[in-house]
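Shown next, in structure tokens, is the structure this report addresses.
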Amino acid sequence: MSTERPPHDDDQDAETTLSRIMGERRDKASALRDAGHNPFRNDVGPATTLAALIAEYAPTRPPPPEPPPPGAPKQKAPPITPIDERLHRVAGRVLVKRGMGKTVFAPIRDTTGEIQLYLNVDHLAADDFAQVLPQLDTGDIVVAEGPAFWTKTRELSILVRRLWIATKSLRPLPSKEFVTEKGEQRGGFTDVEQRYRQRYVDLAINPDVRDVFRRRSAIVRGIRRFLDQRDFLEVETPMMHPIIGGAAARPFITHHNALDMKLFLRIAPELYLKRLVVGGLERVYEINRNFRNEGLSRAHNPEFTMLEFYQAYATYLELMDLTEAMIGELAHDVVGSTKVTWDGTEIELAAPWRRLSIRDAVRDLGNVADAARIFEDPQFAAEAAVAHGVPAADVARVLVEGIPGGVGNLPLTDVVPGFKDPAQRSRLAASILERYDTQEQRRVTAGHLGYLVFEATAEDKLIQPTFLTEFPLAVSPLARRNEQDGAFCDRFELFVNGKEIANGFSELNDPDDQRCRFQAQLLARAAGAAETMDYDEDYCRALEIGMPPAAGEGIGIDRLAMLLTGQPSIRDVILFPLMRPTGDG
RNA sequence: GGGGGCAUAGCUCAAUGGUAGAGCAUCGGACUCUUAAUCCGCAGGCUGAAGGUUCGAGUCCUUCUGCCCUCACCA
């Protein structure tokens, strides 16, 4: 039991406040050891949860005392009388230590609540008062035993007879927040970078943060209950995929040594889950991580949690109803209201939600004249897209992707420069469109361009919950074609506050159509699209076995948690968001 | 990747280019019912890193590192 301090990270060199405090705390730990008390012990439980204790004694709370008559001498506190003689063993982290001479008040917190310890020379065991209490610091984990009593200010407290320091805290916690005389907020732990990097401190200090993650957990639990009640089966499918599929995104790449095999961290579980539907698991869901190699933002973390579920014999229309019901139930259970405030905007989650076609969104929210024509006439759509701020290179690529049989004879490097010139643009578009075989392909391309116009003009105006419908085929490679109009799909996305929360559609189960869609993905990749799917031959084989008609949906759990907890940043609903390393750990 | 902002004591924040301060926490003292306890006192800093301008830099300039916002990409 040496009092020599082990070499330790960054606190060695200068005698800073921090290194002094840590040294003092190590000295206190040594003093405990010398007195026969292990400062890192594990034999002092179990303890009553504080919430249970508080609830149990709540009915015994005394009434407020009569106010003393003016001028009366200050009365001495009456002797302490426990409520009953039962001894309670409680445990928790010491939040503050208030010394009053022969008395110390120390509120502690466990995962359920807070209670105050009353540590007094006349009641605490002599050895504990002399040997343990002097070594107690804010942040220590303590176990205390004694009866409960009410203070004269009617606060439930433990009249401590035995005290153990179960874990000595060597590193100081940030100070409690308070308000200065000027009304400024001071103290606390508010630096967002430190809060994310040291989430353990954030959780220990900030009750609101603990609450957010409790609610996130309740959301996930609520989803499971909702789906389980409807006979969905929870499954787990591979997180490491040999080919890219199920979504449009760039993957993370890894390698398996024994098989000497390149693997992709999954960008979506979709194609595996639908294989299960083929196999007869007619209702399945998975809640797990997806990984997408994209930038970070308030709404994006490279790994994020997705719920995907599939229901045989359902259509996308039924899934919209189901989604309203699910999120409505979660709002009721977790928020207690259908109204939430998210990022300063009041959101009304009561059903029904607006259902709006992309075409109408462009017309009514994007204020685009001739919106209908955009979705019919690719020549017109190309002009409109550029006019509304879609980059000319993107428009050119979409046009080229529609050429049947490939794009090898029309390099984009030739097309794009010309396309940026307004004078040449419309002639160039016309010459590309001449190569199209069918009227349907022309409309598919018009729809694709219309979608780009939607993103540029209307997407961020979808504030209240809205199901966006009638998605163009070209951006929906796994969705079922609409029966009436084959250029569009039976698909929806749910938007709230301009952010996509959910994406669902009736599933494409025609293997030949699916093959054409995969082929189109390869063409798009050849035309320069960065995020495309691989051709999944085994998936097509599964569809040849036969997938029952079905509909499926993905819901971003992080964003749903943001919505239902009112957090503006995805990092506030992810315990350990991805951060750049700092070098000092 | 582009643009804008931020980085000072353990925490939260101040400081016209002229000696780096405050509150809280810590440490010492007083106090046997406190709630940010109160009162007295002492300490605590390579101002994110490296260069430069200047008689003199926390402050101005350059580069780097990290974070936040925003745009792009995406969900």
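Interatomic distance, A:L462 CG to A:L365 CG, rounded to the nearest 0.5 Å: 5.5 Å. One distance of note links CG of A:L265 with CG of A:N290; it measures 10.5 Å at 0.5 Å rounding. Note: A:N503 CG to A:L494 CG = 10.0 Å, rounded to the nearest 0.5 Å. Rounded to the nearest 0.5 Å, atoms CD1 (A:I463) and CZ (A:R354) are 9.5 Å apart. The line from OG1 of A:T237 to CG of A:L273 is 5.0 Å long, rounded to the nearest 0.5 Å. Distance CD1/A:I574 to CD1/A:I557: 11.5 Å, rounded to 0.5 Å.
For the pair A:L578 and A:R292, both in contact range of RNA chain B, the more 5′-proximal nearest nucleotide belongs to A:L578.
Picking from B:C46, B:C11, B:U32 the nucleotide with the shortest atom distance to the side chain of A:T16 gives B:C46. Of the candidates B:A37, B:C69, B:U32, B:U32 carries the atom nearest the A:V121 side chain, counting heavy atoms from C-beta on. Of the candidate nucleotides B:C68, B:G66, B:U34, B:C68 has the atom nearest to the side chain of A:R571. Distances from the side chain of A:R298 to the nucleotides B:C69, B:G66, B:C11 place B:C69 closest. Looking at the side chain of A:R197, the nearest of the listed nucleotides B:C68, B:G66, B:C11 is B:G66. In the set B:C69, B:A75, B:U12, B:C69 carries the atom at the smallest distance from any side-chain atom of A:S569. Looking at the side chain of A:T151, the nearest of the listed nucleotides B:C33, B:C11, B:A75 is B:C33.
The shortest distance between the side-chain N/O atoms of A:R580 and the OP1/OP2 oxygens of B:C67 is below 4.0 Å. Under 4.0 angstrom from either OP1 or OP2 of B:U35 there lies no side-chain N or O belonging to A:R98.
Nucleic acid contact class of A:Y196 (heavy atoms, under 4.0 Å, all strands): sugar-phosphate only. Here A:N301 lies in heavy-atom contact (under 4.0 Å) with a base. Nucleic acid contact for A:A248: sugar-phosphate only, since backbone atoms but no base atoms lie under 4.0 Å from a heavy atom of the residue. Counting non-hydrogen atoms under 4.0 angstrom, A:G99 reaches a base of the nucleic acid. Residue contacts for A:D558: at a heavy-atom cut-off of 4.0 Å it reaches no nucleic acid atom on any strand shown. Nucleic acid contact class of A:M579 (heavy atoms, under 4.0 Å, all strands): sugar-phosphate only.
The salt bridge (charged side-chain N to carboxylate O under 4.0 Å, His left out) check on A:E324 picks up A:R355, with sequence neighbours excluded. For A:R61, the salt bridge (charged side-chain N to carboxylate O under 4.0 Å, His left out) criterion is met by no residue, not counting sequence neighbours. By the salt bridge (charged side-chain N to carboxylate O under 4.0 Å, His left out) test, A:D122 pairs with no residue at all, sequence neighbours left out. Evaluation of the salt bridge (charged side-chain N to carboxylate O under 4.0 Å, His left out) rule for A:R289 yields A:E303 as partners, not counting sequence neighbours. The side chain to side chain donor-acceptor pair (under 3.5 Å) search around A:E145 returns A:R89, not counting sequence neighbours.
Of the C1' atoms belonging to B:U62 and B:A72, the separation is 27 Å, rounded to the nearest Å. Across the C1' atoms, B:U8 and B:G48 are found 10 Å apart, a figure rounded to whole Å.
Across the protein-nucleic acid pair, A:K499 atom NZ and B:U70 atom C1' stand 13 Å apart, rounded to whole Å.
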Pick out the pairs of N or O atoms, protein on one side and nucleotides 3-5 of chain B on the other, that lie under 3.5 Å.
none

Identify all pairs in which a protein N or O lies below 3.5 Å from an N or O of nucleotides 71-73 of chain B, and state each distance.
| unit_1 | atom_1 | unit_2 | atom_2 | d |
| --- | --- | --- | --- | --- |
| B:C73 | O2' | A:E294 | OE1 | 3.3 |
| B:C73 | O2' | A:E531 | OE2 | 3.2 |

Between protein and nucleic acid, restricted to nucleotides 39-41 of chain B and to nitrogen or oxygen atoms under 3.5 Å apart, what atom pairs and distances do you find?
none

Atom pairs, N/O to N/O, protein against nucleotides 25-29 of chain B, distance under 3.5 Å?
| unit_1 | atom_1 | unit_2 | atom_2 | d |
| --- | --- | --- | --- | --- |
| B:U26 | O2' | A:E24 | OE1 | 3.1 |
| B:U26 | O2 | A:R20 | NH2 | 2.8 |
| B:C27 | OP1 | A:K28 | NZ | 2.8 |

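Judged by distance alone, with hydrogens and angles left aside, A:Q116 brings a side-chain donor or acceptor within reach of the base of B:U34, the pair sitting under 3.5 Å.
Annotation: ring pair (Phe, Tyr, Trp, His ring centres under 6.0 Å) contacts involving residues 455-475 of chain A, sequence neighbours excluded, comprise A:W353-A:F467, A:Y451-A:F471, A:F467-A:F492. Sequence neighbours left out, the pairs with a member in residues 560-581 of chain A that pass salt bridge (charged side-chain N to carboxylate O under 4.0 Å, His left out) are A:R195-A:D572.
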*Where does RNA chain B pair, written as one dot-bracket string 5' to 3', with Watson-Crick or G-U pairs under 3.5 Å, ( ) inside the strand, [ ] for crossing pairs and | for another strand?*
(((((((..((((....[..))))..((((.......))))......(((((..]....))))))))))))....

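By the 6.0 Å contact criterion, CE on A:M240 is open, its count of non-hydrogen atoms from other residues, nucleotides or ligands being 12 or less.
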*Go through the steps to decide whether A:Y272 and A:H241 satisfy the test ring pair (Phe, Tyr, Trp, His ring centres under 6.0 Å), and finish with yes or no.*
CA-CA 10 Å; A:Y272 284 96; A:H241 292 184; 4.7 Å; yes

